[in-house]
Peer 1: 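Structure in structure tokens, see below.
Both counts, for ligands and for their atoms, begin at 1 and track the order of listing.
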Amino acid sequence: MKPTTLGQKLEALRAGFPVLRPGHVWLVGAGPGDPGLLTLQALAALDAADAVVHDALIDPRVLELVRPGARVERAGKRGGGPSVPQDEISRRLIALARAGKRVVRLKGGDPFVFARGGEEAMALAEAGVPFRILSGVTAGLAGLVAASIPATLRGVNQAIILATGHAAGGPEGLDWAALARTGQPLVIYMAMHGLAQIAAALVAGGLAATTPAAVIASATLPDERILVAALGDIAAEAERAQLEAPAILAVGAIVSARDVLAAAVARLKAEAVA
Ligand code: SAH
């Protein structure tokens, strides 16, 4: 019989999904926060797992989707805060798999974007533990959507640069001047700590201080906050507004499209509530 209800449709789809087997580890992207942005495969994996090892940034509403009775452990880094060393996380995943568990390693956004998913997958491969990677919606792109900023616009940009501000200012930091010279918009993860340095480096590297910029904090979450300012002012304004991580910084002409789109989106939202 053709499935008719949403539940039946989901069940029919699920029959074609890969199966999480005992002794296997799946590195699963949880998306930017809103549980509605989980993939269907991620949802099914949470329902199949015996053990879920998750990052600090995972929304509680996502963790509620874990199969009752499954073991839920928190591991992972949060800028500056206490963190479990990476080796220890990999060792834990391997131990759970060898104990015959169906293991989900749940990571914010996409597991392969600034998330050490690559490192964990390599450790699993070396240990001979079977694994699979499930992609997730990365915060850099979902954050732009949340702020009504198109990642690409014809005639405006031909690339979108995803970068990390993690090591900004340090010896391992990026060559911001080189990125500025591309003239392409930047989306910078982990930007809050080094926000002033990054903005200054981009201006020193040749971007006009008037270049449109936006900080998008807690995108898709109930406490989402969006700040738009000129690149030269963005750090001071973000401090004044007390914006906090997790947040991305978007820089470039694409940010201006928000002026037009955000008003229309806000009207729609207001109508939806009314
Ligand atoms: N793997 C993740 C990124 C992990 S790095 C992904 O693909 O999205 C953590 C950084 O992601 C944060 O410092 C922040 O820059 C960004 N981030 C994660 N969730 C976010 C959210 N809801 N809103 C804005 N930025 C977010």
Side-chain angles (χ1 to χ4, degrees), residues 26-39 41-42 45 52-63 74-84 86 89 104-121 133-149 151 160-170 172-174 179 185-199 213-228 234-235 238 241-251 255 258:
W26 284 8
L27 303 178
V28 177
D34 180 349
L37 293 174
L38 278 171
T39 66
Q41 291 198 5
V52 175
V53 181
H54 69 88
D55 276 354
L57 275 178
I58 304 295
D59 190 87
R61 292 168 300 167
V62 170
L63 293 178
R74 175 173 156 166
K77 300 164 185 296
R78 179 157 202 179
S83 65
V84 181
Q86 192 56 45
I89 299 174
V104 164
R105 168 69 172 124
L106 191 62
K107 290 176 164 292
D110 185 278
F112 272 2
V113 179
F114 303 129
R116 299 186 183 241
E119 290 89 328
E120 287 173 21
I133 324 289
L134 301 190
S135 38
V137 180
T138 192
L141 299 179
L144 294 183
V145 171
S148 306
I149 298 169
I160 177 92
I161 299 170
L162 303 184
T164 172
H166 178 62
E172 290 168 23
L174 276 165
L179 294 182
L186 299 162
V187 173
I188 303 156
Y189 293 64
M190 291 171 268
M192 290 315 273
H193 187 62
L195 192 57
Q197 278 166 309
I198 294 166
V215 171
I216 303 142
S218 297
T220 81
L221 291 165
D223 53 347
E224 174 180 290
R225 293 179 69 194
I226 299 163
L227 170 81
V228 177
I234 193 92
Q242 298 186 310
L243 288 188
E244 286 177 3
I248 55 160
L249 169 67
V251 180
V255 174
R258 171 176 160 79

Peer 1: Distance check, rounded to the nearest 0.5 Å: L227 atom CG versus L243 atom CG?
Peer 2: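 Between L227 CG and L243 CG, I get 5.5 Å after rounding to 0.5 Å.
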Peer 1: Can you list the atoms of ligand 1 that are under 4.0 Å from a heavy atom of G109?
Peer 2: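 Under 4.0 Å from G109, ligand 1 has these atoms: 2 (C), 6 (C), 7 (O), 8 (O).
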Peer 1: Any heavy atom of P32 sitting closer than 4.0 Å to ligand 1?
Peer 2: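 Heavy atoms of P32 do come under 4.0 Å of ligand 1.
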Peer 1: Report, in ascending order of atom number, the atoms of ligand 1 lying under 4.0 Å from any heavy atom of S218.
Peer 2: 22 (N), 23 (N), 24 (C)
Peer 1: Rounded to the nearest 0.5 Å, what separates atom CE in M192 from atom CG in L249?
Peer 2: 8.5 Å
Peer 1: Please round to the nearest 0.5 Å and tell me the distance separating atom CG of L162 and atom CD1 of I188.
Peer 2: 10.0 Å
Peer 1: Please report which non-hydrogen protein atom sits nearest to atom 2 (C) of ligand 1, along with the residue it belongs to and the distance in Å to one decimal place.
Peer 2: G108 O, 3.1 Å
Peer 1: Taking CD in E244 as the centre, count heavy atoms belonging to other residues, nucleotides or ligands within less than 6.0 Å. Is the count above 12?
Peer 2: no
Peer 1: Do any nitrogen or oxygen atoms of M190 lie less than 3.5 angstrom from nitrogen or oxygen atoms of ligand 1?
Peer 2: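 Indeed, backbone or side chain, M190 has an N or O that close.
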Peer 1: State if A247 counts as touching ligand 1 under the rule of any non-hydrogen atom under 4.0 Å.
Peer 2: yes
Peer 1: Got the closest protein heavy atom to atom 5 (S) of ligand 1, with its distance?
Peer 2: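 Result for atom 5 (S) of ligand 1: F114 O, 3.3 Å.
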Peer 1: Using heavy-atom distances, let me know which of A56, G165, A139, G136 sits nearest atom 17 (N) of ligand 1.
Peer 2: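 Among A56, G165, A139, G136, the closest heavy atom to atom 17 (N) of ligand 1 comes from A139.
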Peer 1: Any idea which part of A245 is under 4.0 Å from ligand 1, heavy-atom wise: side chain, backbone, both or neither?
Peer 2: neither
Peer 1: What protein heavy atom sits nearest atom 11 (O) of ligand 1, and how far away is it?
Peer 2: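 Ranking protein heavy atoms by distance from atom 11 (O) of ligand 1, first comes Y189 CD2, 3.5 Å.
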Peer 1: Show which atoms of ligand 1 fall inside a sub-4.0 Å distance from at least one heavy-atom site of D110.
Peer 2: 1 (N), 6 (C), 7 (O)
Peer 1: Using a strict cut-off of 4.0 Å, indicate which atoms of ligand 1 neighbour a heavy atom of I216.
Peer 2: 24 (C)
Peer 1: Pull out every atom of ligand 1 sitting under 4.0 Å from any heavy atom of T138, numbered as shown with elements.
Peer 2: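 Within the 4.0 Å cut-off of T138, ligand 1 contributes 6 (C), 7 (O), 8 (O).
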Peer 1: What protein heavy atom sits nearest atom 3 (C) of ligand 1, and how far off is it?
Peer 2: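 For this ligand atom, the closest protein heavy atom is V113 O, 3.5 Å.
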Peer 1: What distance separates L38 CG from L106 CG, expressed to the nearest 0.5 Å?
Peer 2: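 Reported to 0.5 Å precision, the distance equals 7.5 Å.
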Peer 1: What atoms of ligand 1 come within less than 4.0 Å of a heavy atom belonging to A115?
Peer 2: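 So the answer, numbered in order with elements, is 1 (N).
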Peer 1: Check the pair I133 / F112 against side-chain contact (heavy atoms from CB on, under 4.5 Å), numbers first and verdict last.
Peer 2: CA-CA 9 Å; I133 324 289; F112 272 2; 3.7 Å; yes
Peer 1: Check R105 with D55, please: is the shortest side-chain N to carboxylate O separation under 4.0 Å?
Peer 2: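 Yes, this pair counts.
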Peer 1: Does a side-chain N-to-carboxylate-O contact under 4.0 Å join E120 and K107?
Peer 2: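 Result for this pair is yes, salt bridge flagged.
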Peer 1: Does T220 have a non-hydrogen atom less than 4.0 Å from ligand 1?
Peer 2: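 Judged by the 4.0 Å heavy-atom criterion, T220 does not count as contacting ligand 1.
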Peer 1: Of all residues at least two apart in sequence or in a different chain, which pass the ring-ring contact (aromatic ring centres under 6.0 Å, His included) check with F114?
Peer 2: Y189
Peer 1: Got a donor-acceptor contact below 3.5 angstrom from the T220 side chain to the D34 backbone?
Peer 2: yes
Peer 1: Any idea which protein heavy atom is nearest atom 23 (N) of ligand 1, and the distance to it?
Peer 2: A219 N, 2.8 Å
Peer 1: Between T138 (side chain only) and L141 (backbone N and O only), is there a donor and an acceptor less than 3.5 Å apart?
Peer 2: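 No; judged by distance alone, with no hydrogens or angles, the pair does not exist.
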